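The shown structure was predicted, so the numbers you read here are calculated from the model rather than taken from an experiment.
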Amino acid sequence: MGMAARYLQAFLAYLAFFALFFSPALYGGNYMTTAGDGSNIALPAYLIPHGLWEPDIMLGYPWASNFNGGWSPMFLLHFIPHSFNVYMLAAYAVAALGAFACVDVLAHSTIGGVVAGLSYALGGFMIGHFGHYDIVQAAAWAPWVFCALFAQRRTQNVRSVALVGAAVAMCALGGQPQVLAYTVLFGTVYVATAAFGIPHRMRYVSLASASICLGLGLAAVALAPGLLLTLASFRAHVSLDYFLAFSEPVWQLPIRVLLPFVVGQSGQPLYPYSSVGLGSEAELAAYGGILPIILAVVAIICRRRDVNVIFLTIGALVALLLSSGDGFHISALTFHIPLLNLFRAQGRHVLEFTLFLSILGGLGAAEIARGNVKAKTLCGSIAFVGACMIGATIDALRAGVLSAGASRPLSNSAFVIPFVIFVSVSSVLLLFQRLPASRGVLAIISLCAAADMASFAWFEYWRTPLNESALTAPPVAVALGAALRRSHQRAFSVAGAVGDGIPPNLSLIWGVPEAGGYVSLLLTSPGIFLQLFPQGTIAPELLANVTDRSFDLASIRYIVAPKTQSRSILAARPGWRFLKSSDVGDILENTAAEPRIRILHRVVSMSADNTLKAIRTGSIDTRTTAMIQGAETLDTVPDRADAATLMSLTSDAMLLNTTCREACFVETSDTYNSMWVAAVDGEKAPLHLTDYALRGVFVPAGRHSVAFHYRPWIIWFGATVSTASFLAAFVLLFVREIGLTGARGAASGS
């Protein structure tokens, strides 16, 4: 059987397995995601058609510049109705096949590949981030990056540059750049260490470096605008505390690796005491399987001189240490590394740990299958892992955080089941060592790997998936959406994405223009202007400032407030009135909300800080005066006949007609962005940053047509780089080997 046919067969087998495994989340009107980040980020991104700019969140947001996976070839599936589950299912199959391929390249072992694929795809990182579609899609391609680098070290041919580059690009285009950053970081370390001991090492380093650069070039259409957006967001200036958020507590590391539900958050009856919930299970899950750990120890012993095994072993341990944040006093150092310091949730280094562990486990299985493992070696590996499990149990019991029932090991399945798994897989491995070529034993090993990983993965939080009915807009949301479409104004949900209301970005599915937004890169200016937190929420006490005019300037007509807070909000805001109580909260109306477009005759020049102060304190009447950060000013006389009529509003354009007796200034309650351009009667006009975060333009007296267009040059620049990189990759695939043909296969050893 050829390699392509073999890999296709393996992919289809994994696809069938995961379709069965995730069946509770696939059928019955369910989406393969969860409430929270799944409903507020994943589904609005996938189900709703978006332009380059999204006008209905965050006063307008550069949607195509955000790292949401929209540029990935996999995302093309969203053009097929009801394909979200296929999109997610494919990610797990791609991830498993990638781990399979890593072992296949290093050891040519089917059983090893099966173990590796199941271990990675059902391990703590991939299952823990089930609700984070953009992380799962990127992480699905991380194994392929290392697989291509492993193969490139062996072949050292020019064509490999295109293959490694394609893997890097798919990882980059998948979504979350944190996965890409960690993958490229460890991939670069691998290249630097694996170059020793092989012929033509400089050729290998050059090819690998070119491969990574090519991959980044292929993904430039997403990376270039994303980087520019990052620099304009709060992520450009994160604090050390933010950076260290969601890190693995040091004392929990052995427990999370070996006894996951002692400190986990399973809601399933099999683990009744797991609700102790120390930290975020989504961010901190680190289980990689007991069988893979035993097999990894076997691989380390049997292939201890193999540079690949040395790298994977040290890499897994370093990743585990990094996942602890500053637990080992090293993340304070990584915080000062450019790009790496843009990411929070250091627990996500579990990505590399679970991936490297799965590959090591596959290599260990390959050694046993070849009859290279002595009984003494296997027994020693089993004894070592058993001792570690006992140590983790003692650690958990001494932690003093468990309830009385949870602290009795013999009655707590979170303790018992891992030891049952340990005894079972140890027995099967001993049989495997004696009968390595038996097909029956190989089948049993595969079943043991699946059962081992299922003891964790089957009971994780994905078992309560999101039902399609949760996406149905309540009647009050439908009514609000219709009213706001007519007035071109906005709503705002005080609770944001963390409570009741009209959560962003679920508001996009419900058809409600929302001033908040739940995005990974919250723009600095509109975020400060509306005093938003990253999840699109605002502290209720911030609404107590009766002189603050930001909500009025942002055209926020309706406020959805929790019923427990609406009374205090109304008391602080006499200009707001109670409309009705509904199943999403109390609906309040801001009677002072400005229209989406307004004409002003007084413009003053002020610094950003003074502008914000004036908006907060009311020291300047913003109903009649606009504040810009330019030298030009205006002071003319308004007329009752002055008017602005919105003629057309799309995702990337706004067209309107204006009538002013004297020269005037047109302001829209939309986010200012340097890539928006303005034109008056077809002639380009300067666009001004107005009232701290909004946009405006000067218009002469008389009747005029005013147009605003979004022209994201950074996307066109990225697309040009990606196109050139694609052509280069295409040429490399068909170029004949240039010199050093003897290098082919020369690096196949350690």
Side-chain angles (χ1 to χ4, degrees), residues 45 49-55 58 60-76 134 137-138 141 161-162 164-181 183-184 209-236 338-340 342-343 519-526 650-654 670-679 684-687 689 695 707-732:
H50 296 278
L52 299 178
W53 183 271
E54 177 49 70
M58 298 293 301
Y61 188 78
W63 187 267
S65 298
N66 196 28
F67 292 107
N68 50 35
W71 295 103
S72 172
M74 296 282 288
F75 204 79
L76 293 173
D134 50 342
Q137 292 292 335
W141 294 96
V161 174
V164 177
V168 171
M170 290 300 293
C171 181
L173 295 171
Q176 243 284 9
Q178 189 169 8
V179 173
L180 171 70
T183 301
V184 169
S209 300
S211 301
I212 293 174
C213 291
L214 178 64
L216 298 178
L218 286 167
V221 67
L223 296 179
L227 179 59
L228 194 63
L229 180 60
T230 300
L231 297 176
S233 75
F234 283 101
R235 284 296 181 96
L339 297 181
L340 288 184
L342 299 176
F343 305 112
V519 291
S520 58
L521 297 174
L522 176 60
L523 286 168
T524 304
S525 293
T650 63
S651 62
D652 58 359
M654 176 185 288
D670 297 273
T671 298
Y672 172 86
N673 185 286
S674 61
M675 282 176 277
W676 276 87
V677 296
K684 187 175 180 180
L687 188 67
L689 174 58
R695 58 180 182 246
F708 300 93
H709 291 280
Y710 185 49
R711 297 289 184 262
W713 62 267
I714 189 65
I715 292 180
W716 313 137
F717 169 78
T720 301
V721 174
S722 292
T723 301
S725 300
F726 178 81
L727 294 175
F730 184 80
V731 170
L732 288 173

* Asked: Between Phe75 and Ala45, what is the shortest heavy-atom contact and its length?
  -> CZ-O, 3.4 Å
* Parallel, tilted or perpendicular: rings of Trp63 and His50 (30°, 60°) -> parallel
* What are the two closest heavy atoms between Met58 and Leu522, and how far apart are they? -> CE-CD1, 2.9 Å
* Asked: When rounded to the nearest 0.5 angstrom, what is the spacing between CZ in Arg711 and CG in Asn673?
  -> 13.0 Å
Side chains of residues 215-236: which donor-acceptor pairs under 3.5 Å do they make with residues two or more places apart or in other chains?
{"from": "Thr230", "atom 1": "OG1", "to": "Gly226", "atom 2": "O", "distance (Å)": "2.7"}
{"from": "Ser233", "atom 1": "OG", "to": "Thr230", "atom 2": "O", "distance (Å)": "2.8"}
{"from": "Ser233", "atom 1": "OG", "to": "Arg235", "atom 2": "N", "distance (Å)": "3.2"}
{"from": "Arg235", "atom 1": "NE", "to": "Tyr242", "atom 2": "OH", "distance (Å)": "3.2"}
{"from": "Arg235", "atom 1": "NH1", "to": "Leu342", "atom 2": "O", "distance (Å)": "3.2"}
{"from": "Arg235", "atom 1": "NH2", "to": "Tyr242", "atom 2": "OH", "distance (Å)": "3.4"}

* Any side-chain heavy-atom pair from Asn68 and Asp134 closer than 4.5 angstrom? -> no
* To do: Please assess Thr183 against Trp141 for the test side-chain contact (heavy atoms from CB on, under 4.5 Å), listing each intermediate value before the final yes or no.
  => CA-CA 9 Å; Thr183 301; Trp141 294 96; over 6 Å; no
* To do: Kindly compute the distance separating CD1 (Ile715) from CE (Met675), expressed to the nearest 0.5 Å.
  => 7.0 Å
Scan the side chains in residues 167-178 for donor-acceptor partners under 3.5 Å anywhere in the protein, sequence neighbours excluded, and list what turns up.
{"from": "Gln176", "atom 1": "OE1", "to": "Gln178", "atom 2": "N", "distance (Å)": "2.9"}
{"from": "Gln178", "atom 1": "OE1", "to": "Arg348", "atom 2": "NH1", "distance (Å)": "2.8"}
{"from": "Gln178", "atom 1": "NE2", "to": "Tyr182", "atom 2": "OH", "distance (Å)": "3.0"}
{"from": "Gln178", "atom 1": "NE2", "to": "Arg344", "atom 2": "O", "distance (Å)": "2.8"}

* To do: Go through Tyr61 and Leu521 one step at a time and tell me if the side-chain contact (heavy atoms from CB on, under 4.5 Å) criterion holds.
  => CA-CA 10 Å; Tyr61 188 78; Leu521 297 174; 3.6 Å; yes
* Structure fact -> Heavy-atom nearest pair, Ala729 first then Leu214, reads CB-CD2, 4.0 Å
* To do: Evaluate side-chain contact (heavy atoms from CB on, under 4.5 Å) for Thr671 paired with Trp53, printing each intermediate quantity in order.
  => CA-CA 11 Å; Thr671 298; Trp53 183 271; 4.3 Å; yes
* Considering all heavy atoms, the nearest Trp676-Asp652 contact -> CH2-C, 3.6 Å
